[in-house]
Amino acid sequence: EVQLQASGGGLVQAGGSLRLSCAASGFTLDDYAIGWFRQAPGKEREGVSCISSSDGIAHYADSVKGRFTISIDNAKNTGYLQMNSLKPEDTAVYYCAADYGPVDSDFLSPGSFWEYWGQGTLVTVSS
């Protein structure tokens, strides 16, 4: 069974850090890309970051550049999103997704297609 399991969310104060994990099972991430998306209450889903296993090139939304870092550990078949200098506006449910092949920044746009999705993990940043 193909599955993406997101974890690592929680409550953190502004300025703090969290690391989200996205564990894949039923397939290997070697030829896939990982993406992270978030959705705050009453807002549209927003693409946060994505990275391709094939070339390791990462793309970020302007709102998180310089604060978030995406990575893939193929040995662990897991993707990560390191979030530093968190702000209250980062509060949202974060979802991970996987898609075959390389991705570019267009894959962060609303309505972009991703083959597999994980369940969300809630990140709450208090001021």
Side-chain angles (χ1 to χ4, degrees):
E1 180 186 2
V2 170
Q3 196 171 24
L4 289 176
Q5 183 74 34
S7 61
L11 173 63
V12 64
Q13 287 189 329
S17 298
L18 281 174
R19 188 177 79 156
L20 305 184
S21 299
C22 179
S25 58
F27 71 106
T28 62
L29 291 175
D30 289 358
D31 296 315
Y32 278 75
I34 284 285
W36 287 95
F37 297 80
R38 65 186 182 186
Q39 188 164 21
K43 294 189 176 181
E44 284 190 347
R45 187 186 76 186
E46 175 189 17
V48 175
S49 182
C50 60
I51 186 170
S52 307
S53 286
S54 58
D55 56 22
I57 295 176
H59 305 274
Y60 298 94
D62 288 342
S63 57
V64 305
K65 276 181 183 175
R67 300 188 298 122
F68 291 11
T69 303
I70 191 172
S71 61
I72 293 180
D73 186 333
N74 291 112
K76 295 183 178 180
N77 215 34
T78 300
Y80 300 96
L81 185 68
Q82 177 67 43
M83 306 185 296
N84 299 328
S85 303
L86 283 162
K87 305 175 181 180
E89 50 264 43
D90 294 318
T91 294
V93 177
Y94 284 70
Y95 300 89
C96 65
D99 197 52
Y100 186 82
V103 294
D104 57 28
S105 58
D106 287 343
F107 280 75
L108 295 178
S109 60
S112 59
F113 175 81
W114 287 76
E115 187 173 356
Y116 303 122
W117 287 87
Q119 89 295 355
T121 185
L122 177 62
V123 172
T124 304
V125 185
S126 62
S127 56

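Keep in mind the model is a prediction, meaning the values are calculated, not measured. What's counted below: heavy atoms across the whole structure, side chains too, no hydrogens, waters or symmetry copies.
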- Taking all non-hydrogen atoms of both residues, which atom of Asp55 and which atom of Ile57 are closest, and how far apart? OD1-N, 2.9 Å

- Item | Audit row: Arg67, Asp90, side chain to side chain contact (heavy atoms under 4.5 Å, CB included) steps and yes/no | CA-CA 11 Å; Arg67 300 188 298 122; Asp90 294 318; 2.7 Å; yes

- Nearest heavy-atom neighbours spanning Ser25 and Asn77: N-ND2, 4.4 Å

- For Ala6, does its backbone N or O pair with a side-chain atom of Gln119 as donor and acceptor, under 3.5 Å? yes

- Task: Kindly work out whether a path of hydrophobic side-chain contacts (I/L/V/M/F/W/Y, heavy atoms less than 4.5 Å apart) joins Phe27 to Tyr80.
- Result: no

- Query: Are Arg38 and Ser49 side-chain neighbours, meaning at least one heavy-atom pair lies under 4.5 Å?
  - Reply: no

- Distance-only side-chain donor-acceptor flag, Glu46 / Ser63, under 3.5 Å: yes

- Item | Salt-bridge present (Asp62, Lys65; N to O < 4.0 Å) | yes

- Side-chain heavy-atom pair Thr69, Tyr60 within 4.5 angstrom cut-off: yes

- Task: Would you mind reporting whether Asn74 and Ser53 have side-chain heavy atoms less than 4.5 Å apart?
- Result: yes

- Query: Do Val103 and Ile51 share a hydrophobic cluster, counting only Ile, Leu, Val, Met, Phe, Trp and Tyr and linking them when any side-chain heavy atoms are less than 4.5 Å apart?
  - Reply: no

- Query: Is Trp36 reachable from Leu18 through a run of hydrophobic residues whose side-chain heavy atoms are each under 4.5 Å from the next?
  - Reply: yes

- Task: Taking the side chain as every heavy atom from C-beta outward, state whether Gln82 and Ser17 have any pair of such atoms under 4.5 Å apart.
- Result: yes

- Query: With sequence neighbours left out, what residues match Cys50 under disulfide bond (SG atoms under 2.5 Å apart)?
  - Reply: none

- Would Val93 end up clustered with Leu81 when hydrophobic side chains under 4.5 Å apart are linked, directly or stepwise? no

- In terms of hydrophobic clusters joined by side-chain contacts under 4.5 Å, are Tyr116 and Val48 together? yes

- Query: CD1 of Ile34 to CD1 of Ile70: how many Å apart, nearest 0.5 Å?
  - Reply: 7.0 Å

- Item | Interatomic spacing from OG in Ser52 to CD1 in Ile72 - rounded to 0.5 Å | 7.5 Å

- Query: Roughly how far, to the nearest 0.5 Å, is OH of Tyr94 from CZ of Phe68?
  - Reply: 4.0 Å

- How far does CG of Leu122 sit from OG1 of Thr91, to the nearest 0.5 angstrom? 8.0 Å

- Item | Side chain proximity check, Tyr95 to Arg45, heavy atoms < 4.5 angstrom | no

- On a heavy-atom basis, the closest approach of Ala40 and Ala92 is N-CB, 3.8 Å

- Message: Please find the pair of heavy atoms, one from Gly8 and one from Thr121, that lie closest to each other, and give the distance.
- Response: N-OG1, 4.0 Å

- Mind checking the OG-CG spacing from Ser112 to Asp106? Nearest 0.5 Å is all I need. 9.0 Å

- Query: Is the ring centre of Trp114 less than 6.0 Å from the ring centre of Phe37?
  - Reply: yes

- Task: Check Leu4 against Ala24 and note the closest heavy-atom contact, atom names and distance.
- Result: CD2-CB, 3.7 Å

- Can you name the nearest heavy-atom pair linking Gly101 to Ala33, along with the distance? O-CB, 3.5 Å

- Message: If I take atom OH from residue Tyr100 and atom CG from residue Leu29, how far apart are they, to the nearest 0.5 angstrom?
- Response: 12.5 Å

